Enquirer: 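Sending over a structure as structure tokens; questions will come in a sec.
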Amino acid sequence: MSIFEKPGYQIDRPEPSQLFLKARNIAGLRLQEQFNKNNGCVEESRDYKWIKAELTCPSFDHLTFGYKNQVFSVLVDLRDSQQSYLSRQERDRFITATTENNLVPCLFPIMLPELKPAHAEWNLTHITTGKSVVPNEVATDENMPMSEWELHNFVIQIVRNHLEHDKRSRILSFCDILQINPQIWFDDAAGNTCWVLVRHLKQPEDGAISKWIGLEKLNPPLKGYDGFFAGVSLASSAPILHDQQGNLIPLSERFSGKAPLYRGDQFYIEFDGLQRIHVP
């Protein structure tokens with residue numbers, strides 16, 4: 001039986017304005033400056049890093065980065081002396097997504113018409129408290145489990161890297177919103193446009209191909225394209241494994257899904273490549 005029960009629908013992808021693109025670039029450059037200024041104090045895997053620097057649509061934020069045990073989700077907030085140009089819908093969607101996935105919800109205010117960050121240094125403010133956000137003051141060394149969205153974004157990145165290493169393929173777009181399928185569109189070596197359903201598998205055996213067939217049946221626009229499934233399993237590479245209660249987990253069960261996946265940790269990856277699940 002297919003796991004896909006609800007019919008899908010197409011989502012419009014509005015073109016961002018040149019003004020927004022300029023503002024987002026300003027935000028990215030400022031944050032990268034701060035990364036360069038502040039990094040090197042912790043091990044590389046827990047240091048400042050981009051989690052998502054690409055612009056995707058739809059998305060609940062504009063930029064995402066991590067430091068130690070925290071993930072910072074950023075909305076570029078164009079504003080003048082009177083108001084912010086973020087809509088109530090954008091704000092509500094952002095607050096909901098960041099709350100559900102334990103992300104730090106930050107605004108990056110940029111003033112019009114000068115197109116200049118409103119404040120020095122990080123220029124980040126918490127969307128609900130209005131207080132300044134300084135990442136190295138917020139993050140700690142405490143273990144923090146990765147959220148469902150983080151794992152989803154991470155495994156999509158692994159599949160994207162796989163496709164990018166195949167110089168004959170060309171990625172057209174990707175989306176990391178949890179409820180939206182498929183995750184990746186690409187052109188293959190023959191120039192055929194294809195889609196990929198990407199999933200984080202808590203256990204490798206969850207990737208049984210029969211479980212993932214049928215997406216195109218409830219999404220007719222997908223029927224004309226080759227469809228693939230990409231299942232990715234992750235496991236902590238720590239030499240000794242414990243569950244969140246501190247109980248020892250045998251190394252033979254490394255990929256059992258029992259060991260938590262913490263932010264900033266290093267992982268073993270199991271990924272067997274793309275598996276075809278639909279032929280037009």
Side-chain angles (χ1 to χ4, degrees), residues 1-6 8 10-11 13 49-60 64 71 101 146-237 254-257 259 261 263 265-280:
M1 178 181 294
S2 170
I3 63 169
F4 308 106
E5 298 176 354
K6 296 181 180 179
Q10 291 180 287
I11 297 174
R13 293 178 178 269
K49 57 181 177 294
W50 288 111
I51 291 177
K52 189 175 71 175
E54 304 88 347
L55 183 62
T56 61
C57 182
S59 178
F60 60 83
T64 320
V71 174
N101 291 285
M146 295 176 70
S147 69
E148 185 181 4
W149 174 81
E150 289 170 78
L151 292 167
H152 190 56
N153 175 276
F154 187 35
V155 298
I156 290 171
Q157 180 63 56
I158 290 168
V159 180
R160 287 173 57 210
N161 290 342
H162 170 77
L163 289 168
E164 288 168 354
H165 286 151
D166 180 359
K167 302 300 183 182
R168 301 168 301 170
S169 299
R170 181 171 69 94
I171 295 177
L172 302 175
S173 66
F174 75 95
C175 179
D176 59 5
I177 297 293
L178 288 166
Q179 297 81 12
I180 294 179
N181 295 309
Q183 281 64 47
I184 299 175
W185 287 87
F186 73 99
D187 283 344
D188 66 13
N192 299 313
T193 298
C194 312
W195 50 266
V196 188
L197 178 70
V198 183
R199 286 293 185 272
H200 166 241
L201 306 178
K202 292 183 179 180
Q203 299 176 337
E205 55 266 29
D206 291 340
I209 197 65
S210 59
K211 183 178 179 180
W212 305 99
I213 293 174
L215 177 62
E216 77 289 343
K217 293 178 181 177
L218 294 176
N219 298 268
L222 300 181
K223 291 183 177 181
Y225 305 95
D226 288 345
F228 295 87
F229 172 70
V232 184
S233 296
L234 306 172
S236 171
S237 63
R254 187 182 293 277
F255 277 94
S256 69
L261 302 175
R263 291 173 176 172
D265 281 359
Q266 298 186 33
F267 305 113
Y268 291 122
I269 298 169
E270 281 198 9
F271 171 48
D272 294 329
L274 303 185
Q275 302 178 67
R276 191 183 297 273
I277 57 176
H278 173 65
V279 179

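The analysis underlying the following values was restricted to heavy atoms, covering all of them including side chains, and did not include hydrogens, waters or symmetry mates. All of these numbers come straight from a predicted model, not from anything done at the bench.
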Enquirer: Verify whether one side chain among Gln157 and Asn161 offers a donor that lies under 3.5 Å from an acceptor in the other.
Expert: yes
Enquirer: If we ignore angles and hydrogens, is there a donor and acceptor under 3.5 Å between the side chains of Thr193 and Asp187?
Expert: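 Note: Thr193 and Asp187 side chains meet the donor-acceptor criterion.
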Enquirer: What distance separates Leu163 CG from Asp188 CG, expressed to the nearest 0.5 Å?
Expert: 10.0 Å
Enquirer: So, taking the atom named CD1 in Ile158 and the one named CZ in Phe271, what distance separates them when rounded to the nearest 0.5 Å?
Expert: 8.5 Å
Enquirer: Hey, could you give me the CZ/CD1 distance between Arg263 and Ile51, rounded to the nearest 0.5 Å?
Expert: 7.5 Å
Enquirer: Should the ring pair Tyr225 and Trp185 be called parallel, tilted or perpendicular, given that the plane angle runs from 0 to 90° and is split at 30 and 60?
Expert: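 Perpendicular, since the angle between the ring planes exceeds 60°.
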Enquirer: Which class fits the ring pair Phe228 and Phe186: parallel under 30°, tilted 30 to 60°, perpendicular over 60°?
Expert: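 Plane angle between 30° and 60°, so tilted.
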Enquirer: Taking all heavy atoms of Ile177 and all of Pro58, pick out the closest pair and write down the distance.
Expert: CG1-O, 3.5 Å
Enquirer: In the structure I gave you, are the side-chain heavy atoms of Arg199 and Asn181 within less than 4.5 Å of one another anywhere?
Expert: yes
Enquirer: So, for Leu222 and Trp195, which heavy atoms are closest and what is the spacing to 0.1 Å?
Expert: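 In this case the closest contact between Leu222 and Trp195 is O-NE1, 3.1 Å.
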Enquirer: When you measure from the side chain of His278 to the backbone of Lys223, do you find a donor-acceptor pair of N or O atoms at a distance under 3.5 Å?
Expert: yes
Enquirer: With distance as the sole test, does Asn219 use its side chain to make a donor-acceptor pair with the main-chain N or O of Leu215 at under 3.5 Å?
Expert: yes
Enquirer: Tell me the closest heavy-atom pair linking Val279 and Arg276, and the distance in Å.
Expert: CG2-CD, 3.3 Å
Enquirer: Are the side chain of Arg254 and the backbone of Ser236 linked by a donor-acceptor contact shorter than 3.5 Å?
Expert: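 Confirmed, Arg254 side chain pairs with Ser236 backbone.
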